[in-house]
Amino acid sequence: MEHKEARILVIDDEPMMADSLKQNLEEEGYKVDTAATGAEAIELFDRGAHHLAICDLQLPDMDGLEVMRHVKDVRPETEVIVVTGYGTVAKAVEATKAGAFYFVEKPFDFEQMQPLVERALESLELRAETKMMRDRLSTRAEYFNIIGASKQMQTIYETIESVAKSDANVLIVGESGTGKELIANAIHYNSLRSKKPFIKVNCAALPKELIESELFGHTKGAFTGAHADKEGLVQHAAGGSLMLDEIAEMPVELQPKLLRVLQERSYRKIGSEKTYAVDFRLICSTNRLPADAIRDGLLRDDLFYRISTITIHVPPLRERAEDTQLLTEHFLKMYSQKYDRPITSVSQAAYQRLFSHTWPGNVRELQNVIERAVLLAKSNKIEPVDLPFDNGSLPEGATASAEWEVPPNMTLEDIEKMVIEKTLQRTGGNKQAAANLLGIYRPRLYSKIRKYNIDVSSLVAT
Ligand SMILES: Nc1ncnc2c1ncn2[C@@H]1O[C@H](COP(=O)(O)OP(=O)(O)OP(=O)(O)O)[C@@H](O)[C@H]1O
Ligand SMILES: [Mg+2]
């Protein structure tokens with residue numbers, strides 16, 4: 001499809017808006033239909049072969065979101081640009097989650113709309129080309145350098161896909177080493193801003209008193225030591241994305257200023273009255289739970305609401321044991337190449353150790369463990385002694401032999417129940433890891449947990 005042959009459906013109940021958009025788009029060479037109500041839009045859409053719908057969220061007879069859902073149901077490949085009035089941004093974000101290409105706030109100029117239309121149609125073409133390939137890859141084991149096939153990671157990939165192209169603020173929450181930065185990269189490099197800078201600021205690493213001037217810049221003489229004018233990082237991020245890493249470590253005194261900048265979309269350098277427009281997409285990360293950070297007075301709740309339009313929770317590695325193996329293989333390959341050592345596999349016993357470890361340092365810790373093991377391995381296989389989890393003298397299971405003496409008067413079922421409970425305790429409640437250790441598939445473990453009425457959370461708490 002040549003762009004200019006594209007058919008566009010404009011849905012807006014304000015005739016002025018609809019007509020001027022139609023006229024502008026037609027001048028660009030597109031074929032345009034307009035609808036003033038949801039019902040009319042649906043009727044036109046069902047008959048016409050529209051490639052793109054530009055849809056107002058507030059329609060007289062129905063919710064624009066419903067129209068959009070209809071469009072996506074009938075012909076999912078159709079792109080939708082959502083137009084939203086003041087105060088309905090949250091709903092627009094919902095629309096992008098439901099598959100809208102982009103949302104634009106009213107009032108807008110045609111100069112704003114035109115490139116979006118181009119890009120939406122380009123993306124449509126691209127998707128048509130890659131659709132067949134994509135269909136074959138329904139579960140992804142890798143996505144933008146992120147390794148992981150677990151259900152939790154699939155959900156994260158889908159979220160990234162659906163929010164990357166909007167300008168919605170994203171907050172990434174997860175323990176240290178879970179891959180928050182990789183996720184931030186995937187968002188930026190998947191966004192319409194991917195060719196523009198991606199600036200990262202670690203709020204924990206910068207001295208408190210420097211953060212403000214680093215972010216917003218200062219004028220010469222604004223404070224002692226300000227020998228020359230300085231551009232802030234928000235300026236460097238213009239047109240691109242800004243990542244505020246460890247946002248809960250940003251000084252609380254500075255948080256209202258950041259909030260104002262986000263609300264007013266403009267900022268001032270320290271020592272200057274001049275305001276500059278900001279144009280960056282904000283991605284924040286934190287390894288504290290926001291609720292805790294707010295309770296402890298580290299994070300202002302008003303800022304939190306602003307930065308967390310979309311929140312991505314990255315689960316710790318121990319909760320997605322199925323990724324442990326994939327990541328192990330990945331790092332094994334990576335480090336055996338890097339160090340030119342012919343290590344090709346991991347023994348069953350070593351895998352059992354990897355599955356039962358609780359990974360407080362998450363993927364970063366696993367990466368370090370495998371790097372070290374590649375260097376230590378004496379054969380082409382990684383063995384338990386190459387792993388750092390104990391002094392290496394005895395296999396983990398063997399030390400516990402005394403505990404496994406069979407108490408009298410126990411049935412086989414009693415024993416099975418006890419073994420399952422002990423194993424779950426050992427894996428900190430991780431069922432995948434427990435199933436691996438027990439040598440059974442997870443569904444089977446689930447059915448046994450049900451059968452014996454095992455309360456996993458109480459096992460872990462004790
Ligand atoms: N899913 C993954 N696939 C491949 N590598 C990963 C994955 N998750 C994390 N890593 C690797 O682990 C290391 C830590 O990842 P990253 O810096 O993204 O974590 P983080 O959550 O930002 O950590 P921190 O909270 O300490 O800043 C990096 O070397 C990264 O490449
Ligand atoms: Mg990080």
Side-chain angles (χ1 to χ4, degrees), residues 137 139-161 164 169-190 198-206 211 233 237 241-250 282-290 292-293 298-299 307-308 310-339 346 354-355 357-375 388 430 432-433:
L137 293 170
T139 5
R140 285 174 276 206
E142 185 172 358
Y143 178 81
F144 276 80
N145 296 329
I146 307 169
I147 307 284
S150 60
K151 226 171 100 202
Q152 297 100 307
M153 294 309 290
Q154 301 297 322
T155 310
I156 289 177
Y157 305 154
E158 282 161 23
T159 310
I160 296 173
E161 291 267 290
N169 295 337
V170 181
L171 175 64
I172 308 170
V173 182
E175 289 179 13
S176 169
T178 45
K180 296 187 292 296
E181 188 162 345
L182 288 182
I183 290 171
N185 288 344
I187 294 171
H188 172 75
Y189 291 107
N190 231 332
F198 185 19
I199 304 290
K200 298 175 185 174
V201 185
N202 187 326
C203 302
L206 279 175
I211 296 187
L233 291 168
S241 308
L242 176 70
M243 176 170 189
L244 297 177
D245 217 347
E246 309 295 0
I247 183 73
E249 312 302 318
M250 168 172 284
L282 183 66
I283 304 173
C284 296
S285 84
T286 174
N287 55 28
R288 293 176 192 271
L289 286 176
D292 293 351
L298 294 168
L299 183 62
I307 63 178
S308 61
I310 302 292
T311 303
I312 295 179
H313 288 276
V314 197
L317 184 59
R318 65 185 156 279
E319 284 175 17
R320 46 186 164 113
E322 55 268 62
D323 289 343
T324 306
Q325 181 163 0
L326 218 53
L327 284 158
T328 300
E329 285 164 5
H330 168 75
F331 293 134
L332 185 65
K333 205 158 134 200
M334 176 168 137
Y335 288 115
S336 58
Q337 258 163 26
K338 174 171 174 191
Y339 295 117
V346 177
L354 295 175
F355 287 135
H357 187 59
T358 51
W359 302 111
N362 292 293
V363 184
R364 182 183 290 112
E365 183 186 357
L366 175 63
Q367 183 169 353
N368 293 337
V369 163
I370 302 299
E371 178 174 16
R372 178 177 174 275
V374 164
L375 291 169
N430 183 328
Q432 177 68 56

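Just so it is clear, the values below take in all heavy atoms, side chains as well, and ignore hydrogens, waters and symmetry mates. We number each residue from 1, following the sequence as shown. Indexing begins at 1, ligand by ligand and atom by atom, following the structure's order.
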- If hydrogens are left out, which of Glu142, Arg364, Met243 has an atom nearest to atom 17 (O) of ligand 1, that is, the closest non-hydrogen atom? Arg364

- Message: Closer than 3.5 angstrom, by distance alone: can the side chain of Asp245 be matched with the main-chain N or O of Ser285 as a donor-acceptor pair?
- Response: no

- Item | Pick from Ile147, Asn145, Val314: the one approaching atom 2 (C) of ligand 1 most closely through a non-hydrogen atom | Ile147

- For atom 22 (O) of ligand 1, which candidate among Glu246, Met334, Glu181, Glu365 holds the nearest heavy atom? Glu181

- Query: At a 4.0 Å cut-off, with the gap strictly under it, does some heavy atom of Gly177 reach an atom of ligand 1?
  - Reply: yes

- Test log, rule side-chain contact (heavy atoms from CB on, under 4.5 Å), inputs His313 and Thr155: CA-CA 10 Å; His313 288 276; Thr155 310; over 6 Å; no

- Item | Region of Asn362 engaging ligand 1 - heavy atom pairs below 4.0 Å | neither

- Contact (N/O only, under 3.5 Å) between Leu182 and ligand 1: yes

- Nearest non-hydrogen partners of Gln154 and Ala149, listed with the distance: NE2-O, 3.4 Å

- Message: Taking distance alone, with N or O pairs closer than 3.5 Å, would you say Arg320 contacts ligand 1?
- Response: no

- By number and element, which atoms of ligand 1 are closer than 4.0 Å to a non-hydrogen atom of Leu327? 2 (C), 3 (N), 4 (C)

- Take Ile183 and Lys180 through the test side-chain contact (heavy atoms from CB on, under 4.5 Å) and record every step on the way to the result. CA-CA 5 Å; Ile183 290 171; Lys180 296 187 292 296; 5.7 Å; no

- Item | Any Leu327 side-chain heavy atom under 4.5 Å of Leu317 side chain | yes

- Note on the structure: For Ile146, the ligand 1 atoms with a heavy-atom partner under 4.0 Å come out as 1 (N), 3 (N)

- Item | By salt bridge (charged side-chain N to carboxylate O under 4.0 Å, His left out) - contacts of Glu249 (at least two apart) | Arg288

- Task: Just need the protein heavy atom nearest to atom 16 (P) of ligand 1, so name the residue and atom and give the distance.
- Result: Gly179 CA, 3.7 Å

- Task: Tell me which protein heavy atom sits closest to atom 29 (O) of ligand 1, plus the residue, atom name and distance to 0.1 Å.
- Result: Gln367 OE1, 3.0 Å

- Note on the structure: The protein heavy atom nearest to atom 10 (N) of ligand 1 is Val363 CG1, 3.4 Å

- Message: Heavy-atom pairs closer than 4.0 Å: do any link ligand 1 to the side chain of His330, the backbone, both, or neither?
- Response: neither

- Item | Nitrogen or oxygen of Asp245 less than 3.5 angstrom from that of ligand 1 | no

- Does any N or O in the side chain of Trp359 come within less than 3.5 Å of the main-chain N or O of Arg364, such that one atom is a donor and the other an acceptor? no

